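The next block holds one structure in the form of structure tokens; read it before the comments.
By convention in this document, chain letters (A, B, ...) are assigned in the order of the sequence lines, proteins followed by strands, and residues within each chain are numbered from 1. These numbers come from a predicted model, not from an experiment.
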Number of protein chains: 2
Amino acid sequence: MKAQDPAGGPPRPGTSTPRRGRRGGTTGSREDILEAARMLFAEHGFEGTSLRQVARAAGVDPGMIHHFFTGKDELFALSVELPADPEQVLAGVADTDPATRAELIVRTVLRLWESPAQAGLLAFLRGTIGSKAKTALLREIVARRVISRIMASVPGTPEEVALRGSLVATQVVGLMMVRYVVRLEPLASAAPEDVVRLTAPNVQRYLTGPLGQEPI
Amino acid sequence: MKAQDPAGGPPRPGTSTPRRGRRGGTTGSREDILEAARMLFAEHGFEGTSLRQVARAAGVDPGMIHHFFTGKDELFALSVELPADPEQVLAGVADTDPATRAELIVRTVLRLWESPAQAGLLAFLRGTIGSKAKTALLREIVARRVISRIMASVPGTPEEVALRGSLVATQVVGLMMVRYVVRLEPLASAAPEDVVRLTAPNVQRYLTGPLGQEPI
DNA sequence: CAGCTAATTCATCACCTGATGAATTACAAG
DNA sequence: CTTGTAATTCATCAGGTGATGAATTAGCTG
């Protein structure tokens with residue numbers, strides 16, 4: 001994020017008049033805009049972020065945004081689109097033994113959220129949960145692309161597997177919310193290894209464990 | 001909610017001119033505004049809801065909002081404030097035996113969310129998660145007022161109890177998100193009894209069960 | 001060099017936002 | 001009836017919003 005360019009800033013709009021026209025060299029303005037948008041959407045959601053804020057954070061004229069993107073919607077979609085799509089992230093999960101799959105699931109979720117994709121994921125969640133209309137999109141993604149992979153070859157009737165899938169979602173979504181969105185301590189700063197050890201058993205119970213009785 | 005008056009055009013000055021001045025009888029405009037605000041904040045979050053939308057949905061002139069409330073912030077705070085504060089909702093939870101408390105916790109959460117408070121809770125979540133600044137408020141509420149009650153008299157070192165508390169939050173928050181916000185099926189329409197039976201064991205494990213090993 | 005294309009700034013538009021203040025009307029108390 | 005107070009509408013403000021189009025400049029291709 002090469003935002004405000006403190007030192008020798010030629011594009012300082014306050015001081016040395018930033019004359020018009022193309023700049024020399026490779027000015028990655030498009031990427032700067034995307035990066036600034038990702039940060040701001042992650043902090044304030046879709047409606048809480050204005051294009052002028054994005055332009056300012058990117059050190060760029062507001063008009064540039066409309067030069068590179070058709071509008072705010074496209075900017076949001078491109079800046080926030082999942083850096084790795086579910087199919088790719090979950091590759092391999094479907095191949096493991098369901099009886100020991102929970103650990104891999106939690107590990108995959110943690111690896112994804114500890115990666116640079118975190119800002120985009122936060123932005124996606126913030127922009128998506130803030131509006132009822134957009135939660136439908138989130139629901140479709142989770143239902144059709146994530147859960148189907150996670151529940152592959154889990155034994156049981158289709159109804160039972162679907163129920164187990166939404167229960168798994170319960171634990172995984174809760175982990176993401178508490179650790180990365182609300183950042184509740186001490187879980188927010190716990191070591192990933194510990195998080196796996198602590199939560200995977202419950203995920204495993206939802207996956208293949210007994211549902212109608214006490215597990216202990 | 002006497003909303004948008006679908007048949008005849010609302011702003012038709014030809015027909016039923018809404019002349020100025022006070023209306024006859026008891027017109028609960030203040031309550032109408034609060035109710036409409038609750039609905040809209042729940043659907044579109046804080047920034048995604050304009051005062052003019054609220055006024056239209058309440059069948060009221062936009063100026064009324066500023067007559068009854070000092071501004072958008074106060075309207076949000078009053079319309080969305082938790083209908084029952086955590087102390088009251090969780091009364092009794094702290095008195096039960098920790099070894100069997102999970103069922104009561106899940107039951108309490110479900111009862112709260114199935115009640116009329118749901119709209120307010122949704123609004124609170126939507127308005128709160130959409131902004132990084134406001135999630136701090138949510139974090140404080142959860143940490144100081146909710147978890148402390150839930151974890152009362154749970155045995156263990158303070159560090160361990162705090163960790164168990166955030167793990168409980170994991171499962172409870174995930175349940176709320178999946179069932180009431182994202183509305184993922186089949187969990188979204190499952191009977192409360194079934195939800196209790198399915199999720200309480202995992203909550204109980206976080207509360208008092210073994211953490212470092214497989215629970216089954 | 002000329003000519004094209006892309007990057008950048010600027011001025012501006014139409015609209016929506018939250019907010020204010022005055023004018024009008026009803027109800028209640030004296 | 002008079003007076004005051006609260007409820008309601010209206011007109012309007014200053015500012016922010018997303019978006020458009022023209023003007024300017026740089027780099028690339030021939």
Side-chain angles (χ1 to χ4, degrees), chain A residues 2 5 9-34 36-37 40-41 44-79 127, chain B residues 2 5 9-34 36-37 40-41 44-79 127 130-131:
Chain A
K2 53 184 80 168
D5 186 14
R12 270 302 301 277
T15 54
S16 61
T17 344
R19 67 215 189 286
R20 283 191 184 178
R22 188 169 189 160
R23 296 288 163 274
T26 48
T27 61
S29 295
R30 207 188 113 104
E31 281 64 32
D32 291 350
I33 293 174
L34 283 173
L40 289 172
F41 283 139
H44 309 111
F46 181 80
E47 340 249 5
T49 302
S50 77
L51 293 187
R52 286 168 166 85
Q53 284 178 46
V54 173
R56 208 178 318 127
V60 142
D61 186 275
M64 298 235 56
I65 297 183
H66 286 90
H67 180 253
F68 287 117
F69 312 96
T70 65
K72 192 180 183 181
D73 286 328
E74 181 177 299
L75 175 64
F76 181 77
L78 290 182
S79 71
Chain B
K2 51 185 77 170
D5 182 17
R12 271 300 303 277
T15 55
S16 65
T17 337
R19 67 215 189 288
R20 281 194 187 177
R22 189 170 188 161
R23 296 288 163 275
T26 48
T27 62
S29 295
R30 207 188 114 102
E31 281 64 33
D32 291 350
I33 292 174
L34 283 172
L40 288 171
F41 283 138
H44 309 110
F46 181 80
E47 339 250 5
T49 302
S50 77
L51 294 187
R52 286 167 167 83
Q53 284 176 47
V54 173
R56 210 178 316 127
V60 143
D61 186 274
M64 297 234 56
I65 297 184
H66 284 91
H67 180 253
F68 287 117
F69 312 96
T70 66
K72 192 181 184 181
D73 286 328
E74 180 178 299
L75 175 63
F76 182 78
L78 290 182
S79 71
S131 136

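- An angle of 0°, rounded to 10°, separates the two end axes of the helix from C:dC1-D:dG30 to C:dG30-D:dC1, each defined over five pairs.
- Listed by chain and number, the residues in a side chain to side chain contact (heavy atoms under 4.5 Å, CB included) with A:S79 are A:L34, A:A37, A:F41 (sequence neighbours excluded).
- Rounded to an integer number of Å, the gap from B:D61 CG to C:dA23 C1' is 13 Å.
- We find that CZ of B:F69 is positioned 15 Å from C1' of C:dG18, with the value rounded to whole Å.
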Quick one: which protein N/O atoms are closer than 3.5 Å to N/O atoms of nucleotides 16-20 of chain D? Pair and distance per line, please.
from   : atom 1 : to    : atom 2 : distance (Å)
D:dT17 : OP1    : A:S50 : OG     : 3.2
D:dG18 : OP1    : A:L51 : N      : 3.4
D:dG18 : OP1    : A:K72 : NZ     : 3.0
D:dG18 : OP2    : A:L51 : N      : 2.8
D:dG18 : N7     : A:R52 : NH1    : 2.7
D:dG18 : O6     : A:R52 : NH2    : 3.2
D:dA19 : OP2    : A:H66 : NE2    : 3.0
D:dA19 : OP2    : A:K72 : N      : 3.1
D:dA19 : O5'    : A:H66 : NE2    : 3.3

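- The distance from atom NE2 of B:H67 to atom C1' of D:dA7 is 6 Å, rounded to the nearest whole Å.
- Contacts classified as ring pair (Phe, Tyr, Trp, His ring centres under 6.0 Å) and involving residues 54-74 of chain A (residues at least two apart or in different chains) are not found.
- Applying the side-chain hydrogen bond (donor to acceptor under 3.5 Å, both in side chains) criterion to B:E74, with sequence neighbours excluded, gives B:T70.
- Atom CZ in A:R56 sits 12.0 Å away from atom CG in A:D61 (nearest 0.5 Å).
- Residues B:P62 and B:L51 have side chains not in contact (no heavy-atom distance under 4.5 Å, counting atoms from C-beta outward).
- Shortest non-hydrogen contact noted between A:A57 and A:L40 is CB-CD1, 4.0 Å.
- One can place CD of B:E31 at 11 Å from P of D:dT8, the figure rounded to the nearest angstrom.
- Contact annotation: the side chain of A:F46 approaches that of A:D73 to within less than 4.5 Å [non-hydrogen atoms, C-beta and beyond].
- Listed for the A:K72 side chain is a donor-acceptor partner under 3.5 Å among the backbone atoms of A:T49.
- Distance A:I65 CD1 to C:dT8 P: 12 Å, rounded to the nearest Å.
- Rounded to a whole Å, the CE atom of B:M64 is 16 Å from the P atom of C:dA19.
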